[in-house]
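Here's the structure, in structure tokens; my notes come after.
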Amino acid sequence: MTEHKSPSVPLKIGRTLREGCWRQNTGMVVLLGLCPLLAVTTTLVNGLALGLATTLTLVFSNLSVSLLRGLLRPEIRIPAFVLIIASLVTAIELLMHAFFYDLYRVLGIFIPLIVTNCAIIGRAEAFASRNRPMASALDGLATGLGFCLTLLLLGAVREVAGRGTLFSGAQMLVGDWGRQLEVTLVPGYAGFLLALLPPGAFIALALLIAARNAWQGRTETTPTEPHPKRIANPNET
Amino acid sequence: MNATRHPAIRSGILLGLIALLGTAVLVFIHDQTRARIALQEQRRVLQQLNEIVPPSAYNNDLHTDRITLTDPPLFQHAGPVTVYRARMDGRPVAVIMRLTAPDGYNGDIRLLVGIDAGGTVLGVRVTEHRETPGLGDLIELEKSRWITHFRGTSLTRPQERGWAVRRDGGVFDQFTGATISPRAVVKAVHTALKYFQAHRRALFEPPADAVVKHD
């Protein structure tokens, strides 16, 4: 937006990103959207792909909701959100089917299931319906990147533990040269099935949350780090 | 009071408009991607088929020269079976049957079974399954070489009694901890061979895209 009067626009952007990616991370703090999160993160590439698709959905759903916010009466806002999100997800599904076919086959049912990711409707309701379009898009981007980060970490941990590799299947995302990206960290690794099965997903997520909390606890008690207040409406009075 | 002013009606109209807009966008994207999606699907089918019958072995349009067998009882009514026919200059070379083994550990196992004109298995591939990861999923080529052992088998090699996993007295290996998945695949391949032998002519003769009702 061009009409920002506040001098601290970069600060606000930074703050929104920080909130979405880290302090209010969808996967590790708010714990929303766990079903796809746990189901597809058997490899880093799978996690990244679903993360990107979700981010795309979040940016555009927040943007559309924000653009329509003046028109939406409270009693129809939820069905309207659902319509918008479902249309977006279907569009993304069609595009993936056409342009990332292998990935589409691997992620399968979890692409349409993005619709049911509560994080998306949550951000539409809590943020986009009360803020300007650009701020809402940014919030969507930040939340999406945060979700992406969690999927990426979880995918990496499970892939290394379960198969001893990283970046396997990268060719599905970036084309044939992606095959060279696959790194075998442990040659001749027999595989650790638990990490690839659903229980492994829960265990890995728990460890990830614990690690994040430990990190957060350390930095929050440092006196040099001021507590940034959670701001619901950074852009509107 | 003007009816269109009523909040409920205005809300309804607004919701309708949003739905209309969403649908319009989707129609547009669907139209733009349809051809490409069909191409991707077709490329994948052809890629799967060519793994079993190499492109040098035939010169017809393999993925369109297909017939559908409507739910033949021999395959335990597991749904229709698609049969792709490979021909060289019109002569039958092989068939590839897309069929379902309904008795996997976790439901249906979808298979492609290639059989040459003489009744010998050219290759078998699992295209879809929900078997247990790490145990039953060794039927996939990506996970183990097991599925390649069907190549070269026929109704006489091994004999009737050999068409089973070792635990059942046959010649095919099962996996440690998973007998049901390999058993289902062995049975399906054996059935395909028997079907091929009994209906060999009827498989090659019908025109492409025919739907054949079988006994």
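Below, chain A is the first sequence line, B the second, and so on; all start at residue 1.
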Residue pair B:Ile18, A:Leu72: steps toward the side chain to side chain contact (heavy atoms under 4.5 Å, CB included) verdict: CA-CA 10 Å; B:Ile18 294 176; A:Leu72 291 178; 3.9 Å; yes
B:Leu21 versus A:Leu83: any side-chain heavy-atom pair under 4.5 Å? no
Options A:Leu197, A:Leu68, A:Leu196, A:Leu193, ranked by heavy-atom pairs under 4.5 Å with chain B, top entry: A:Leu193
Could you check which of A:Ala91, A:Ser87, A:Ala98, A:Pro79 has the highest count of heavy-atom pairs closer than 4.5 Å to chain B? A:Ala98
For the candidates B:Gly22, B:Gly12, B:Ala35, B:Ala38, which exhibits the highest count of non-hydrogen atom pairs separated by less than 4.5 Å from chain A? B:Gly22
Please state whether the side chain, the backbone, both or neither of [X] comes within less than 4.5 Å of a heavy atom of chain A.
{"X": "B:Arg44", "answer": "side chain"}
{"X": "B:Glu41", "answer": "both"}
{"X": "B:Leu15", "answer": "both"}

Within a 6.0 Å radius of atom [atom1] on [X], are there more than 12 heavy atoms belonging to other residues, nucleotides or ligands?
{"X": "B:Tyr105", "atom1": "OH", "answer": "no"}
{"X": "B:Arg166", "atom1": "CZ", "answer": "yes"}
{"X": "A:Tyr189", "atom1": "OH", "answer": "yes"}
{"X": "A:Phe60", "atom1": "CZ", "answer": "no"}
{"X": "B:Lys194", "atom1": "NZ", "answer": "yes"}

Could you give the distance from OG1 (B:Thr33) to CD (A:Glu93), rounded to the nearest 0.5 Å? 10.5 Å
CZ of B:Arg34 to NE2 of A:His97, rounded to nearest 0.5 Å, is 13.5 Å
Residue pair B:Gln40 / A:Tyr104, side-chain donor-acceptor N/O under 3.5 Å: no
Please classify the contact of A:Leu71 with chain B as side chain, backbone, both or neither, using a heavy-atom distance under 4.5 Å. both
Is it the side chain or the backbone of A:Leu94 that comes within 4.5 Å of chain B heavy atoms, both, or neither? both
Quick one: does A:Arg73's side chain have a donor or acceptor within less than 3.5 Å of a partner on B:Ser11's backbone? no
